[in-house]
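Counting begins at 1 with the first residue of the sequence.
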Amino acid sequence: MQNVKEYIAQHKDRFLQELIELLKIPSISADSAFSQDVLDTAKAVKKALEKAGCDLVEIHETDGYPIVYGEKILNTNLPTVLVYGHYDVQPPDPMDLWNSPPFEPVIKKTELHPEGAIFARGTCDDKGQMFMHVKALEFMVKTNQLPCNVKFMIEGEEEVGSNNLSTYVSQNKEKLKNDIILISDTGMIANDVPSITTGLRGLSYVEVEVTGPNRDLHSGLYGGAVANPINILAKMIASLHDGNNHITIPGFYDKVQELSDEERAEMAKAPFSLEAYQKALDIDSVYGEKGYTTNERNSIRPTLDVNGIWGGYIGEGAKTVIASKAYAKISMRLVPNQDWREITELFKRHFESIAPKGVKVKVKPHHGGQGYVTPIDTDGYQAASKAYETTFGKKPIPQRGGGSIPIVSLFEKELDSKTILMGFGLDSDAIHSPNEHFGVWNYLKGIETIPYFYEYFTEMKKSS
């Protein structure tokens, strides 16, 4: 890839400004109040793909938000790379914890990002990482160095479960036909320790409702005489873990794949500072399932976490009330072999069974997806590894990730394609949190590295 660094240096300011303009649009798919903004973002992505050099770009309607499809086909005999990303973002709440408005992007220097980082919702997840691929295509097209065909599928519902993506994929198999799928929606260990995510956890997401009396009650007149749904919900949630932080749902671990001592020893070779980890989170100790390290707990072990809990009076001052209802949102991260639908049903059955008399319990499944592990002996992985080695000067470490991208297993099932996860974010980038950011260096490094993947993958496919 000739002159990629030179091209990036010449266009750096424009690359940053174009991303900043995209980040200004509050494409929050979870909140219908922002539906027009999500639609506007799809149009902006379409325009960016056209400008980058795609010969065909289409906005495909779904029952939810649209999917932006683009392609640059040089020759049907050449390999085809399918790039997946998403243009929707998480809600920015809680707003009062942001140091700058979430949709007014600013570039600020930090200890980890001396060249600056862009602070805004969606910078790392996933607008910034998705946009790296758009700019990488621009470089390859403008300099006449695109070695193969490329297709883009950018959706607007990833943050709410990709509900309509499976239908779209199953109805467009020929259009989406490819040799490898490329996704940048993950991270790496550090800027000087490149890594490639080789595994993702699955996900089961549910909402629970506990109902007691038919109305809110005076806590003096009724306290101690009727079940308090908030108290009951708290007890029920607390019972979902034992003293070793082991999940107590019967059958939950039946299909969990246990890694061998040798595999765990390989994982342990990845650089990790417990002291730095705790310092970054401002905690004095880690916490989790007994018998596993921090890096194992957040990657190869399943988890259960409360993502939100509410009920009763939470306004200013006091109101002595026993609420009629209490609610919680709960997510379970799953490892390969755990089926998310089966786990959802196990949770529902167990949670309903532990409800005491005096309350009614309702479990509402939201969405989920399967875990995924990609082999490291494929052309796709080897091309990605060589690309990182070229631009970082060192071979990347294969690493299991703790997050979930449920559509990866869907792609393998429907399109018979392997997925390569080339992430350039850092764990400290605060995705899904206030003050989300993405390093300028990381953004530009992604644009530099991605073209090498195309080059090496094409070479490997031609020689195989």
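Taking the six-membered ring where tryptophan is involved, the planes of F392 and W441 are perpendicular, since the angle between them exceeds 60° and thus also 30°. In this pair, H367 and Y205 present their aromatic rings parallel. The plane angle is below 30°, not in the 30 to 60° band.
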Steps toward side-chain contact (heavy atoms from CB on, under 4.5 Å) verdict (I249, R349): CA-CA 9 Å; I249 299 170; R349 197 182 309 153; over 6 Å; no
Criterion salt bridge (charged side-chain N to carboxylate O under 4.0 Å, His left out) on K46 and E58, from CA distance to verdict: CA-CA 7 Å; K46 178 179 184 289; E58 303 167 330; over 6 Å; no
Trace of the salt bridge (charged side-chain N to carboxylate O under 4.0 Å, His left out) decision for K348 with E352: CA-CA 6 Å; K348 183 177 186 295; E352 290 172 346; 3.0 Å; yes
From CA spacing to verdict: salt bridge (charged side-chain N to carboxylate O under 4.0 Å, His left out), E459, K462: CA-CA 5 Å; E459 289 175 357; K462 285 181 176 179; over 6 Å; no
Step-by-step side-chain contact (heavy atoms from CB on, under 4.5 Å) determination, F411 to S417: CA-CA 6 Å; F411 290 159; S417 299; 5.6 Å; no
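Judged purely by distance below 3.5 Å, without hydrogens or angles, the side chains of T211 and K325 pair a donor atom with an acceptor atom. No side-chain donor-acceptor contact under 3.5 Å links H241 and T248. A donor-acceptor pair shorter than 3.5 Å can be found between the side chains of N245 and Y287. With no hydrogens or angles considered, a side-chain donor-acceptor pair links S27 and K127 at under 3.5 Å. In summary, the side chains of S162 and E155 do present a donor paired with an acceptor at a separation below 3.5 Å, with no hydrogens or angles considered. T344 and S204 share a donor-acceptor pair across their side chains, judged by distance under 3.5 Å alone. A donor atom on one side chain and an acceptor atom on the other are not found under 3.5 Å apart for N172 and H60. With hydrogens and angles left out, the side-chain atoms of H246 and N244 include no donor and acceptor closer than 3.5 Å. In this model, a donor atom of one side chain and an acceptor atom of the other lie less than 3.5 Å apart for N164 and E157. Residues E412 and Y372 bring a donor and an acceptor atom of their side chains to less than 3.5 Å of each other.
Note that K175 lies in the cation-pi zone of Y69, set by a 6.0 Å cut-off to the ring centre and a 45° limit from the axis.
When side chains are defined from C-beta on, S404 counts as touching R333, because their heavy atoms get closer than 4.5 Å. For the pair E115/L444, no side-chain contact is recorded, criterion being any heavy-atom separation below 4.5 Å from C-beta on. Contact check for S331 versus L203: side-chain heavy atoms found under the 4.5 Å cut-off.
When each of V81, N178, L176, T80 is paired with K151, the side chain to side chain contact (heavy atoms under 4.5 Å, CB included) condition holds for T80 and for no other. With I25 as reference, D37 is the one residue of D37, V38, L39, V89 to meet the side chain to side chain contact (heavy atoms under 4.5 Å, CB included) rule. Of the options K290, R301, R264, R400, a salt bridge (Lys or Arg N to Asp or Glu O under 4.0 Å) to E296 is made by R264 and by none of the others.
Interatomic distance, L426 CG to I189 CD1, rounded to the nearest 0.5 Å: 10.5 Å. Here the CD1-CG distance, from I431 to D125, works out to 4.5 Å after rounding to the nearest 0.5 Å. Going from atom CG of L200 over to atom OG1 of T374 covers 9.5 Å, rounded to the nearest 0.5 Å. To the nearest 0.5 Å, atoms OG (S433) and CH2 (W98) are separated by 8.5 Å.
T390 places a side-chain N or O within donor-acceptor distance of the main-chain N or O of K386, the cut-off being under 3.5 Å. At least one donor-acceptor pair under 3.5 Å links the side chain of R297 to the backbone N or O of E289. Side-chain atoms of E436 come within 3.5 Å of backbone N or O of C124 as a donor-acceptor pair. For T197 (side chain) and G199 (main-chain N/O), no donor-acceptor pair under 3.5 Å exists by modelled atom type. Without hydrogens or angle criteria, E266 side chain to E263 main chain gives no donor-acceptor distance under 3.5 Å. Checking side-chain atoms of H366 against main-chain N and O of K364 turns up no donor-acceptor pair under 3.5 Å. No donor-acceptor distance shorter than 3.5 angstrom exists from the side chain of D126 to the backbone of Q129, with no hydrogens or angles considered. In terms of modelled atom types and a separation under 3.5 Å, the side chain of N149 and the main chain of L74 share a donor-acceptor contact. Checking side-chain atoms of Y253 against main-chain N and O of I247 turns up a donor-acceptor pair under 3.5 Å. Checked by atom type and distance alone, the side chain of R121 never pairs as donor or acceptor with a backbone atom of F103 at under 3.5 Å.
Environment of CG in D427: sparse, with no more than 12 heavy atoms of neighbouring residues, nucleotides or ligands closer than 6.0 Å. For K362, the NZ atom counts as loosely surrounded, since its 6.0 Å shell holds 12 or fewer non-hydrogen atoms of other residues, nucleotides or ligands. Within 6.0 Å of CD1 on I314 lie no more than 12 heavy atoms contributed by other residues, nucleotides or ligands. Heavy-atom contacts from other residues, nucleotides or ligands closer than 6.0 Å to CG of N75 number more than 12.
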Could you list the donor-acceptor pairs under 3.5 angstrom formed by side chains in residues 448-455, with sequence neighbours left out?
| from | atom 1 | to | atom 2 | distance (Å) |
| --- | --- | --- | --- | --- |
| E448 | OE1 | K445 | NZ | 3.4 |
| T449 | OG1 | T391 | OG1 | 2.8 |
| T449 | OG1 | K445 | O | 2.8 |
| Y452 | OH | M1 | O | 3.4 |
| E455 | OE1 | M1 | N | 2.9 |

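In this structure, F424 has its ring center no closer than 6.0 Å to that of Y443.
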